[in-house]
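A note on names: the letters A, B, ... follow the listed sequences, proteins ahead of strands, and every chain is numbered from 1.
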There are 2 protein chains.
Amino acid sequence: MRHLCMPHGLESAVLPKFEALVVAGRKVRAGEPLYFPGDRFQSLYAVRSGSLKTFVTNREGREQITGLRLPGEALGLDGIASGVHALSAVALEDSTVCTLPYSALKELGRESTAMQERLHQVMGEQMNRESAQMIVLGAPAAESRLASFLLDVSQRNGLRGYSQSEFRLRLTREEMGSYLGITLETVSRSMTRLRKLGLIEVNAKEIRITDIDGLREVSAVVSRKHDRTGH
Amino acid sequence: MRHLCMPHGLESAVLPKFEALVVAGRKVRAGEPLYFPGDRFQSLYAVRSGSLKTFVTNREGREQITGLRLPGEALGLDGIASGVHALSAVALEDSTVCTLPYSALKELGRESTAMQERLHQVMGEQMNRESAQMIVLGAPAAESRLASFLLDVSQRNGLRGYSQSEFRLRLTREEMGSYLGITLETVSRSMTRLRKLGLIEVNAKEIRITDIDGLREVSAVVSRKHDRTGH
DNA sequence: CGTTTCTTTGATCTACTTCAAGGGGAGTGG
DNA sequence: CCACTCCCCTTGAAGTAGATCAAAGAAACG
């Protein structure tokens, strides 16, 4: 469990203190919120089991998905800037999260360089993940967006020791579409096309990647040429 | 100048130390890089004058713009996670930046709570800015993307005491398009449409917002209905 | 099991891309 | 100071990927 709450790079000296800090895992049922926009930011979370989505809801009530959090990943950073959460976080299935009170985290950061660095690193990763997503959204076509997304999930699964080639994606087609900037129908059709290309197998939410290199190729295709930069 | 290098919320006690830390402003000529992907991450930067773009270049040499940095804004965070910069940063015009060595920044953070919080805040703002951009890219149509972008720049200008209604945008149409996920032609056409709606005046790179509320309306329009969420 | 929600697939429509061509504006060199 | 060049921007015309509308099948859930 400590494993999932703040995995890499912590020197053993701080570990006991760190563990004392972690509030016992909290359960979040499928469909239930972990936090809402406007909630006071008090803690970071780490997903221990299950998965959650983050999103904003606009005036018209449209849900724009901004992220998917898998086991071992951090959650809640969106509150750091203003002290108030900017996003909604809702469980996609029955899940558990560790709670890391921010005040204690800050204190530990002042005591231990490694702890401070680890915290910065987590934030930095979050930033980089978001720019990467901007890149996906910025240019290419629907099919390659979906391919990028599947590769991303696969890779993140692998990072924590789960299967890279087979996983269950709890997002609906509509949620994926929202995340990828396309409609649910286009998600569905792209899924079918990838399946017919022999790159993946799909069984409802169960995804199996059968040709990861092929998928990488699709994800790299810049079908919107968009591209007279010529550098 | 201290003003632009780390403005809000620093208690006076740390200020002298902080100022000692800031390496004298560095000049970057129009078109010149501040850093490249792969460069070792050693410092954060704050734009003092001018403006810069950040971007990644993909295999095919396409430049995908990920951000625009105006005076008073932080730059370089993309290196925190891995110790190596992930993006390119290039000046759009003759600019100056302050250099804030990261190691010293960390140290100061350990000494002063305010300093630590300020650093976290800067990172948090960066994250939130990026999710906001994902939202722009995720759903609506070209015209509202452009409107959102202009409003964003306007608001950021206002935040630092510059004019909210009139500014010079050094990005080319192609760069804006890349940032917004549309082609340069569509940027141009959308610009024309906003002009004909009486919302902005355009003179090459000079932008004047004449009807900010109208612009807000356009930015909120969800023309791709995309939207059967019905929450 | 029946009801609701999600997914797939088809048919049409449209906004944006692509291709193309002309018109500045800024900088450079004569 | 003009002429030349290089970019960048604008606008037009045509093609297309993806949105929208629609309907039926498949899971999920109580």
Checklist entry - Along nucleotides 25-30 of chain D, 5' to 3', which nucleotides get a B, which get an S, and which get a -, given that the test is a protein heavy-atom distance under 4.0 Å? => result ---S--
Item to check | Within 6.0 angstrom of B:Glu32 CD, more than 12 heavy atoms from elsewhere | outcome: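 Above 12, so yes.
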Item to check | Partner residues of B:Glu93 under the side-chain hydrogen bond (donor to acceptor under 3.5 Å, both in side chains) criterion, sequence neighbours left out | outcome: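 Partners of B:Glu93 under the side-chain hydrogen bond (donor to acceptor under 3.5 Å, both in side chains) test: B:Ser51, B:Arg170.
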Take atom [atom1] of [X] and atom [atom2] of [N], then tell me their distance rounded to the nearest Å.
X        : N      : atom1 : atom2 : answer
A:Met191 : C:dC6  : CE    : P     : 15 Å
B:Glu175 : D:dC9  : CD    : P     : 8 Å
B:Arg170 : C:dA26 : CZ    : C1'   : 13 Å
B:Glu185 : C:dT18 : CD    : P     : 8 Å
A:Glu206 : C:dC6  : CD    : C1'   : 16 Å
A:Arg189 : D:dA22 : CZ    : C1'   : 11 Å
B:Ile182 : D:dG18 : CD1   : P     : 16 Å
B:Glu174 : D:dT10 : CD    : C1'   : 15 Å

Next on the checklist: Taking side chain to side chain donor-acceptor pair (under 3.5 Å) as the cut-off, I'd like each qualifying pair that reaches into residues 75-88 of chain B, sequence neighbours left out, listed once.
Outcome noted: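 Output for this query lists B:Tyr35-B:Asp78, B:Asp78-B:His85.
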Item to check | base_contact_polar (D:dT11 base, B:Arg193 side chain, donor-acceptor, <3.5 Å) | outcome: no
Checklist entry - Closer than 4.0 Å, any side-chain N/O of A:Thr186 to the OP1 or OP2 of D:dA19? => result yes
Checklist entry - Reckon A:Thr192 has a side-chain N or O less than 4.0 Å from the OP1 or OP2 of C:dT9? => result yes
Next on the checklist: If you assign each of A:Glu143 and B:Val202 to its closest nucleotide in DNA chain D, which residue comes earlier from the 5' end?
Outcome noted: B:Val202
Item to check | Out of C:dT17, C:dC16, D:dC9, whichever nucleotide has its closest atom nearest the side chain of B:Thr183 | outcome: C:dT17
Next on the checklist: For a quick check of understanding: with a heavy-atom distance under 4.0 Å over all strands, which category does A:Thr172 fall into, base, sugar-phosphate or nothing?
Outcome noted: sugar-phosphate
